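Just below is one structure, and these are the notes that go with it.
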Amino acid sequence: MTPRTSGEAVAGASAPLIALDTVVLDTETTGLDVRQDRIIQIGAVRMHGADILESEVFDVIVNPGIPIPPASSRVHGLSDADVAGRPGVAEVLDGLRDFIGNRVVVGHSINFDLAMLRNEAHRHGVHWKEPRWLDVALMSVAITPGLVSPSLDNLALTYGVQIEGRHTALGDALATAGVYAGMQPRLLGKGIRTLGEAENLGRSATTLVEQQQGVGWFERPAGKPDFVHTAIEVGSQRAIDSFLYRQRLEDVMSSPPITVDAGASLHEAARLMADKGIGCVIVRQADGPHGILTERDVLRVLADKGPEAGATLVGTIMTSPVITAQGDTFLYRALGLMARRNLRYLGVRDEHGDLAGVFTLRTLLRERALSTLTVGDEIATATRPRELARVQSALPSLASGLISDGLNAQAVGAVIAAEGRAMTARAAEIAEGELLAAGHGPPPAEYALLVLGSAGRGESLLAADQDNALVIDDDYHGDLDSDGDWFSRFSTRVNEILDRAGVHYCRGGVMAKNRPWRRTQADWLRQARIWASEPSRQGLANVDIFFDLAPAYVSSAKTTRLADSLRLESAHVARHSLDLLRMLGEDAAARYSQLGMFGRIRKDNGGRVDLKNGALLPIVSGARVVALRHGIFAHTTPERLRQAAAAAGRSQADAALLADMHGFLMRLILTQQITDIEAGLKPGGTVDVSRLSRRDMDRLRDALQHVALVRNVVRDLLQVP
């Protein structure tokens, strides 16, 4: 037995199964009456995702304090003689509780085992923490219609698991762990990716649930139509300092950076630092990358050389190159990078890749800031999809905390989009490394991996799927149609990694692994001209989001410019095709109205309203098309509306109204998505309006009435100036 205290956070409903920390548990007992019988053996093994941690087990025989019936002994082989001198259950429950910690408990008909443990704890006056659980028997019935029997023996046979030590607690726990591991690909194939979704799957096995309830394995709560899980600790209750998620490096950096030449002396550099009251200077080199000299470097050289230190050339002691981040990087991501690299200073690059400033943070402020992070720099160190999945699963909690702290939904959407771009970039790095290790070599040409749609605009919600594309330098002459092509292999693996991490495949097929979304720059521009010269309603579904492109990962500074050039040139092509723009505008304005007769809000059978398709997207699409018409290169919807109105010489009132509606609708959808994820439901674009306050309901009705304003604004702003 190797009990260890678990330090994991409590798993939320959004926790991904592929990265879920669990304990698979089984008990042997004197009988099947959970109220009267006693535990005589407990076995458990820890798992991480589908990995069974066979060295981390809990295996103990318990003296039940009552005679063991012969019929029970014939099942598990334990007699009164075997338990004589063994500890009582009260002596082992604390160790079991510590072994479980905050992990989810998995078992076969696990509610029997949990009921036994709960009743034993109550009987002996021992504190027992009710864990969150998954039952492989319930889940197997739900995902395998017509299953002959959900018995452990039958499930082991189904998933190819060999049972050793059948009817010993640890033997059955290990067999159940094998079944749970074998189930995971099938769960994934059914779209069951998170803990909450797996719990709901188990609930759907209603016949078996009712049988378990009938024998008292868990009770139906009073006044409830169906059983519910014990209340859990919700991650969104954690306090969040939203300042770190509001501000970007370019907002707080020191600019321009203070510099010295590599040939300057340490004395000159130290004097400059003292005069400016700064802790570092950037060192310029004529034929190499810039370096950095910090106050720690000065002290180190003084300690080593004493009075002679002042004559030391800074170029010989600087650190080069300077570690940098893009200016639009959120502070929380910058702090995560600094913590991982143990930095006190960070260079800040502008949009052209040039050093524009320096971000510094004193130790006390740094420690205080880092303690508030919900999402840090874990993406940069991820090597497997399940490590990325952990970050993806933290986003609902992060979004909830930021909204509770007063951050507007548009800013929260920007944070979610930033994480999506970072995950896409890390997937590219992982895929590149895998191809190199497999003998396919490095990238055969420069390229940029683009995100499209909401991720490109910086307005992501929590139900975003993959929308990405690949632009490759025109020097490449490989066969992009071939499955064996480097870029074909690369993009397929990138999309697979993201899907495994919880960023689902795009239902419309807008992904780099599909040939239409993998092209050279010249081919992309040819495609843009085809869209412009031959616009069709059938092709509109995916055309519009292309114009929201933003680079997530670039192979070099050259391809940063390549991606920017593609965006500018394709937008220029679209601007001069009024037929395309009018068709896009008409599509934006023609979406289904969510208001019926007498101003009543249309609801589906579940009492929900589709605010994404019926209200939010008309505003987004309308803003995109008027921005294209007037050569506006802003990314976000509100800024597009404001700049387009100014460019057209129109009143800002309508643009401001639509921008405000955009933020309000994003808040309603995000809040509903957070609620749904915690309930184990798949998030979408619909909102249960019955849970809205009277104020929000009145505001929603007013907003829906003004969605028609999109048609007028788009028609007005599409006119030739």
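The first residue of the sequence shown is numbered 1, and numbering continues consecutively from there. Since the structure is predicted, the reported quantities are computational estimates derived from the model, not experimental observations.
- We find the CD-CD distance between E250 and Q247 to be 10.0 Å, quoted to the nearest 0.5 Å.
- No side-chain donor-acceptor contact under 3.5 Å links T492 and E496.
- Put simply, the side chain of F99 does not reach to within 4.5 Å of the side chain of R97, judged on heavy atoms.
- Taking CG of L187 as the reference point, atom CE of M183 lies at 5.0 Å (rounded to 0.5 Å).
- One distance of note links CD1 of I110 with CG of L117; it measures 8.0 Å at 0.5 Å rounding.
- By the 6.0 Å and 45° rule, K513 does not stack over the aromatic ring of F487.
- Looking at Q466 and H504, their side chains never bring a donor and an acceptor atom within 3.5 Å of each other.
- Between N468 and M511 the shortest heavy-atom distance is OD1-CA, 3.2 Å.
- Checking E419 against Y332 by side-chain atom types alone, a donor-acceptor pair falls below 3.5 Å.
- In plain terms, the two heavy atoms of G502 and Q392 that are nearest each other are O-NE2, 4.0 Å.
- Judged purely by atom type and a 3.5 angstrom limit, R489 has no side-chain atom pairing as donor or acceptor with the backbone of L435.
- Taken to the nearest 0.5 Å, the CD1 atom of I545 stands 4.0 Å off from the CG atom of D467.
- Not one N or O on the side chain of S400 forms a donor-acceptor pair closer than 3.5 Å with the backbone of P396.
- Scanning for side chain to side chain donor-acceptor pair (under 3.5 Å) contacts around K682 gives E197, with sequence neighbours left out.
- No cation-pi contact links R624 to F547, judged by a cut-off of 6.0 Å to the six-membered ring centre and 45° from its axis.
- Within the 3.5 Å criterion, the main-chain N or O of G441 finds a donor-acceptor partner in the side chain of W486.
- With values rounded to the nearest 0.5 angstrom, I677 atom CD1 is found 9.0 Å from L395 atom CG.
- Under the side chain to side chain contact (heavy atoms under 4.5 Å, CB included) criterion, L566 pairs with L450, V471, Q521, W524, L525, F546, L549, sequence neighbours left out.
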Going through the checks in order, is the side chain to side chain contact (heavy atoms under 4.5 Å, CB included) test met by L331 and R248? CA-CA 5 Å; L331 284 190; R248 303 172 190 258; over 6 Å; no
Please report the C-alpha distance between V412 and I403 in whole Å, then the side-chain angles of each, then the deciding distance to 0.1 Å, and finally whether the side chain to side chain contact (heavy atoms under 4.5 Å, CB included) criterion is met. CA-CA 7 Å; V412 175; I403 290 173; 4.0 Å; yes
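- Using a cut-off of 4.0 Å between Lys/Arg side-chain N and Asp/Glu carboxylate O, R386 and D51 are scored as salt-bridged.
- The local environment of CD in E54 is sparse, with at most 12 non-hydrogen atoms from other residues, nucleotides or ligands closer than 6.0 Å.
- Here the shortest heavy-atom pairing between P551 and R421 reads O-CD, 4.4 Å.
- Checked by atom type, the side-chain pair S454/E459 shows no donor-acceptor distance below 3.5 Å.
- What you find for V141 and A205 is that their closest heavy atoms are CG1-CB, 4.0 Å.
- Closest of all the heavy-atom pairs between V554 and A448 is CG1-CB, 3.9 Å.
- Remark: side-chain polar atoms of N514 are not paired, donor with acceptor, to backbone N or O of P516 under 3.5 angstrom.
- Proximity of L249 to F330: side-chain heavy atoms (C-beta onward) are nowhere separated by under 4.5 Å.
- More than 12 heavy atoms of other residues, nucleotides or ligands shown are found within 6.0 angstrom of CG on D604.
- In this model, a donor atom of one side chain and an acceptor atom of the other lie less than 3.5 Å apart for R518 and S488.
- A pairwise comparison of heavy atoms in D98 and R46 identifies O-NH2, 4.1 Å as the closest pair.
- The structure places CD1 of I42 at 10.0 Å from CG of D59, a figure rounded to the nearest 0.5 Å.
- Each salt bridge (charged side-chain N to carboxylate O under 4.0 Å, His left out) pair with one or both residues in residues 665-677, not counting sequence neighbours, appears once here: R608-D676, R667-D696.
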What do the steps show when you test L452 against W517 for side chain to side chain contact (heavy atoms under 4.5 Å, CB included), and what is the final call? CA-CA 11 Å; L452 313 175; W517 299 96; 3.9 Å; yes
Carefully, step by step, assess R193 and L188 under the rule side chain to side chain contact (heavy atoms under 4.5 Å, CB included). CA-CA 6 Å; R193 297 170 178 268; L188 183 64; 3.4 Å; yes
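- Counting only heavy atoms from C-beta outward, the side chains of D26 and L170 never approach each other to under 4.5 Å.
- E387 has no carboxylate O lying under 4.0 Å from a charged side-chain N of R390, or vice versa, which leaves the two without a salt bridge.
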When you look at Y159 and Y180, which way does the ring-ring contact (aromatic ring centres under 6.0 Å, His included) test go after all the steps? CA-CA 9 Å; Y159 292 102; Y180 176 61; over 10 Å; no
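- Remark: the T22 side chain and the R103 side chain contain no N/O donor-acceptor pair separated by less than 3.5 Å.
- Of the possible donor and acceptor atoms, none in the side chain of H108 sits under 3.5 Å from a partner among the backbone N and O of V179.
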